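Comments concern the structure below.
From a predicted model like this one, the values you see are computed outputs, not experimental measurements. Within every chain, numbering begins at 1; the chains are lettered A, B, ... in the order of the sequence lines, protein sequences first and strands thereafter.
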Protein chains: 2
Amino acid sequence: MRTRRQRYSDSTKRALVDVAEQLFTEHGYAATSLDAIVAGADVTKGALYHHFSGKQAIFEAAFERIESRATASIGRATEGRSDPWEKARAGLHAFLEAVQEPGYRQVVISDGPSVLGHERFREQEERSTYAIVDEIVRSVLAGDEWALDDQMLDTFTRIFFGAMSAAGGSVAVSDDPAAAAARVDAAIGFIMDGLRQLLESGAASGVTSRT
Amino acid sequence: MRTRRQRYSDSTKRALVDVAEQLFTEHGYAATSLDAIVAGADVTKGALYHHFSGKQAIFEAAFERIESRATASIGRATEGRSDPWEKARAGLHAFLEAVQEPGYRQVVISDGPSVLGHERFREQEERSTYAIVDEIVRSVLAGDEWALDDQMLDTFTRIFFGAMSAAGGSVAVSDDPAAAAARVDAAIGFIMDGLRQLLESGAASGVTSRT
DNA sequence: TCAAAGTACGTACCTTCGGTATGTCACCTG
DNA sequence: CAGGTGACATACCGAAGGTACGTACTTTGA
């Protein structure tokens with residue numbers, strides 16, 4: 001069992017991340033001061049710098065929390081589906097939902113890359129939402145019959161991940177998000193149908209390693 | 001003819017943007033101080049604030065210059081091609097090249113959205129590289145036979161733009177950029193082939209407005 | 001049980017940096 | 001040639017991230 005001091009410590013740390021997540025979401029990274037965060041959590045900078053090495057570190061804590069929520073949400077939507085194409089559609093749907101959340105848009109998409117840097121941002125991504133997209137892409141494209149190699153599958157994942165992120169962003173700023181999401185759904189579904197047909201007709205020369 | 005004072009003024013302004021572009025590219029927005037910029041251009045802050053309203057403004061000037069270079073580069077690669085599918089392939093190639101440039105990656109992709117804000121970033125995009133992608137997508141998909149409506153074409157453009165940006169980013173950080181670019185080329189070409197086949201077979205229900 | 005040690009903060013201060021207010025001098029215009 | 005204006009330079013301010021150090025409570029060990 002945790003000691004009393006540890007419980008208190010955890011509680012203040014959680015409070016700091018709570019406030020940080022909210023303020024970073026609401027005003028963005030640059031416009032959120034550490035003073036505002038510690039004031040919101042009702043502590044001082046001493047507490048913040050005891051738990052985190054600096055502004056970037058507490059941002060990353062909020063970032064990870066938001067990412068993991070999104071990942072969990074998409075995971076719930078896809079689990080239990082057996083047909084890979086149906087799973088892909090469900091995942092796409094959930095992804096489009098998740099990416100519209102204000103926190104995800106501001107913290108992950110907008111501020112994430114510039115604050116964490118390309119490198120670190122990529123690392124964070126790869127073990128969260130990107131991993132799910134990768135799993136879905138592989139379940140759809142990695143049939144024995146076609147034999148796309150690993151790097152080619154990575155490439156497809158990157159492409160779909162980028163496509164869905166961009167599409168999700170456009171959905172989020174749309175006047176009519178529901179209609180926009182339906183269009184994205186249709187467009188990506190259409191692209192997937194094209195891929196499927198091409199693969200099943202055996203016309204996949206150029207991307208598969210077998211002839 | 002411009003007066004002598006105007007010529008001097010233009011020259012210092014150009015020098016400021018030159019240095020700003022280089023420093024923003026090299027160190028990112030946050031890690032680039034105005035003091036460093038004015039020192040590099042051999043002027044003082046008074047000069048900078050005479051020509052620009054602030055840090056964001058001079059960043060935007062560098063941003064626009066980088067974007068317009070990329071746009072011009074892609075434009076040169078596609079002009080003169082008559083066959084839309086071939087034009088699309090050429091454009092894709094040029095886009096993958098352009099997006100690997102350090103300035104484009106750091107200033108446009110990484111810092112752009114967070115510094116300019118979603119709104120303004122979107123505006124800038126739409127009259128540069130995004131416009132070219134849109135033109136290419138429309139030349140390929142907007143045949144009379146299929147009758148995709150305007151919003152659907154926008155959706156496809158968004159998707160392809162996002163896909164290619166993400167793919168370009170992954171190419172840029174790859175150990176073997178040439179091989180990675182070839183894979184992206186193959187993958188997107190494959191997706192386009194799928195689309196083409198589906199459209200020409202008339203199986204485009206769901207995305208077209210005609211039956 | 002009690003003192004030593006360490007944890008979890010609070011307080012005060014430093015430095016950097018974006019931005020502003022104001023001064024100055026060369027250049028254009030009437 | 002004289003007044004006005006544009007193109008800067010200089011000096012300064014306030015906010016914000018980060019640091020050094022102090023302090024009180026808690027756990028630990030003899």
Side-chain angles (χ1 to χ4, degrees), chain A residues 1-63 107 111 114-117 120, chain B residues 1-24 26-63 107 111-112 114-117 120:
Chain A
M1 161 107 183
R2 321 219 38 169
T3 114
R4 196 161 130 205
R5 199 151 80 172
Q6 284 175 320
R7 286 202 306 275
Y8 282 141
S9 173
D10 288 353
S11 144
T12 57
K13 185 170 183 176
R14 206 176 317 115
L16 279 167
V17 180
D18 283 345
V19 178
E21 182 188 336
Q22 182 195 332
L23 293 182
F24 282 140
T25 296
E26 205 164 332
H27 306 111
Y29 181 79
T32 299
S33 72
L34 296 185
D35 287 332
I37 294 177
V38 298
D42 212 46
V43 291
T44 65
K45 283 167 89 166
L48 193 150
Y49 274 91
H50 176 73
H51 288 288
F52 303 96
S53 61
K55 191 180 185 183
Q56 182 176 331
I58 195 176
F59 173 83
E60 196 161 347
F63 180 100
V107 173
D111 286 332
S114 65
V115 173
L116 300 181
R120 197 145 184 76
Chain B
M1 160 99 183
R2 322 217 35 164
T3 122
R4 194 161 131 206
R5 205 156 73 172
Q6 284 174 320
R7 285 202 307 276
Y8 282 141
S9 173
D10 288 353
S11 145
T12 57
K13 185 170 184 177
R14 204 176 320 113
L16 279 168
V17 180
D18 283 345
V19 178
E21 181 188 335
Q22 182 196 331
L23 293 182
F24 282 141
E26 206 164 331
H27 306 110
Y29 182 78
T32 299
S33 72
L34 295 185
D35 287 332
I37 293 177
V38 298
D42 212 46
V43 290
T44 64
K45 282 168 89 165
L48 193 150
Y49 274 91
H50 176 72
H51 288 288
F52 303 95
S53 62
K55 191 180 184 183
Q56 183 176 332
I58 194 176
F59 173 83
E60 197 161 348
F63 180 100
V107 173
D111 286 332
S114 65
V115 173
L116 301 180
R120 195 143 186 77

A:F24 ring centre to A:K55 NZ or CZ under 6.0 Å, with the angle to the axis within 45°?
->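 Ring-cation test returns no.
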
Nearest-Å distance for atom pair [atom1]/[atom2], residues [X] and [N]:
{"X": "A:L34", "N": "D:dT19", "atom1": "CG", "atom2": "P", "value": "11 Å"}
{"X": "A:L48", "N": "D:dG17", "atom1": "CG", "atom2": "P", "value": "10 Å"}
{"X": "B:F52", "N": "C:dG19", "atom1": "CZ", "atom2": "C1'", "value": "16 Å"}
{"X": "B:H27", "N": "C:dC17", "atom1": "NE2", "atom2": "P", "value": "12 Å"}
{"X": "A:F59", "N": "D:dG18", "atom1": "CZ", "atom2": "P", "value": "14 Å"}
{"X": "B:I58", "N": "C:dC17", "atom1": "CD1", "atom2": "P", "value": "16 Å"}
{"X": "B:K55", "N": "C:dT20", "atom1": "NZ", "atom2": "P", "value": "15 Å"}
{"X": "A:R7", "N": "C:dA8", "atom1": "CZ", "atom2": "P", "value": "13 Å"}

When you check the phosphate oxygens OP1 and OP2 of [N], does a side-chain N or O of [X] lie under 4.0 Å from one of them?
{"X": "A:H51", "N": "C:dA8", "answer": "no"}
{"X": "A:R4", "N": "D:dT26", "answer": "yes"}
{"X": "A:T12", "N": "C:dC9", "answer": "yes"}
{"X": "B:S9", "N": "D:dA7", "answer": "yes"}
{"X": "B:H50", "N": "D:dA7", "answer": "yes"}

Classify the nucleic acid contact of A:S53 as base, sugar-phosphate or nothing, counting any heavy atom under 4.0 Å across all strands shown.
->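 Here A:S53 touches no strand at all.
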
Tell me what A:S11 touches on the nucleic acid: a base, only sugar-phosphate, or nothing, going by heavy atoms under 4.0 Å.
->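 Result for A:S11 = nothing.
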
Hey, is the side chain of A:K45 pairing donor to acceptor with the base of D:dG18 inside 3.5 Å?
->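 Yes, the side chain and the base share a sub-3.5 Å donor-acceptor pair.
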
Can you give me the closest heavy-atom contact between [X] and [Y], atom names plus distance?
{"X": "A:K45", "Y": "A:D35", "answer": "CD-OD1, 3.4 Å"}
{"X": "A:V19", "Y": "A:A41", "answer": "CG2-N, 3.8 Å"}
{"X": "A:I58", "Y": "A:A20", "answer": "CD1-CB, 3.8 Å"}

In terms of the nearest nucleotide of DNA chain C, which residue is placed more toward the 5' end: B:D35 or B:Y8?
->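 The answer here is B:D35.
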
B:V107 side chain near B:E21 side chain, heavy-atom distance below 4.5 Å |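 They are not in side-chain contact.
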
Closest to side chain of A:Y49, choosing from D:dT19, C:dG18, D:dA9 =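 Closest nucleotide to the A:Y49 side chain: D:dT19.
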
